[in-house]
Amino acid sequence: MLELNAAKGPEAGDLVKDITEAEFMAEVVDGSKEIPVIVDFWAPWCGPCKTLGPQLEEAVKAAKGAVKMVKVNVDEAQAIAGQMRIQSIPTVYAFYQGQPLDGFQGALPQSEIKAFVERVVQAAGGDASGGLDDAVVAAEEMLEQGAAVDAAQTFAAILEEDPANAKAYGGLVRAHVVLGELEQAEAILNGAPVEISKAPELEAAHAQLELARQSAGVGPVAELTATVEAEPDNHQARFDLAQALYANGDAEGAVAQLLDLFRRDREWNDGAARAQLFTIFEALKPNDPVALNGRRKLSSMIFA
């Protein structure tokens, strides 16, 4: 199992601090030589500041040392506020290598604050995930190589660090699907945090779970192939063959059979072929050639 290590950088207690006007040069200009520093200009009387500040701190701490944050009370640092031309608060600036890098004014939704922090870290060549993105990639490789147990353990470890990591959540569900633990996979999927419940990674995991449930009762590929070859218009047999092919790892063959079924009778069983195709496309990676070619062929049939 892969051990997760936080990115090297400042200790958690040093990531966010209040500074005085006299400390600005050392903490921000000089302090941003290697690691970007986000400056939150605020005041005790500012309502929106009370919301933005904690949200910004949370996003900075989640980056695990890839960025630091300082808070500057403009009432006590009027000279710096004047030099920075602060017109209203809250105002946030990011510095890197002594120069302003990015910034914004006013309160923002948490998702935009997180995106701002990630943008700053990436601009400085860092990793805002604290190494978790690399861990996700490693877990995905384990899953592709058949080490589903190790992959599940790694995805679970990532979620301990970042409970709302959609990639790890989807990966954990898919690992349990591969292991045949469909009830566990469904339970994990149902327990996903609401903010990521509609994420593409979870939608893909749901599609894979649905396909796995469908494949439980399908017959052998050889028998179904023989039936389809003998009875080309046996739509149910062709549909079952597609399910069996997908269950046996042949997504391309499954898509081909479903496209053939759609071509023969697009309305069969309330458009089952089209629905099944979309489920497979959703389960595959967006850039998978099978999904890309299948979508293109289906579109040409629909709009022919």
Q: Taking NZ, NE, NH1 and NH2 as the nitrogens, is one of them in Arg263 or Asp260 under 4.0 Å from a carboxylate oxygen of the other?
A: yes
Q: If the threshold is 4.0 Å, N to carboxylate O, is there a salt bridge linking Arg213 and Glu186?
A: yes
Q: Ion pair present between Lys71 and Asp40, side-chain N to carboxylate O less than 4.0 angstrom?
A: yes
Q: For Gln214 and Gln276, run side-chain hydrogen bond (donor to acceptor under 3.5 Å, both in side chains): C-alpha distance rounded to whole Å, both residues' side-chain angles, the deciding distance at 0.1 Å, then the answer.
A: CA-CA 10 Å; Gln214 292 173 356; Gln276 189 75 349; 2.6 Å; yes
Q: Quick check: do Ile38 and Tyr93 have side-chain heavy atoms less than 4.5 Å from each other?
A: no
Q: Which pair of heavy atoms, one from Ala43 and one from Asn73, lies closest together, and at what distance?
A: CA-OD1, 4.0 Å
Q: Which heavy-atom pair separates Phe155 from Leu172 by the least distance, and what is that distance?
A: CD1-N, 3.6 Å
Q: What I want to find out is whether Glu27 reaches Lys17 closely enough, with some N-O distance under 4.0 Å, to be called a salt bridge.
A: yes
Q: Could you tell me the separation between the CH2 atom of Trp42 and the CD1 atom of Ile89, rounded to the nearest 0.5 Å?
A: 9.0 Å
Q: Hey, is Lys68 close enough to Glu34 for a salt bridge, meaning N to O under 4.0 Å?
A: no
Q: Can you find a side-chain donor-acceptor pair between Gln208 and Arg174 that sits under 3.5 Å?
A: no
Q: Hey, would you say the Trp268 and Phe262 ring centroids sit under 6.0 Å apart?
A: no
Q: Any salt bridge linking Glu58 with Lys114? Criterion: basic side-chain nitrogen under 4.0 Å from a carboxylate oxygen.
A: no
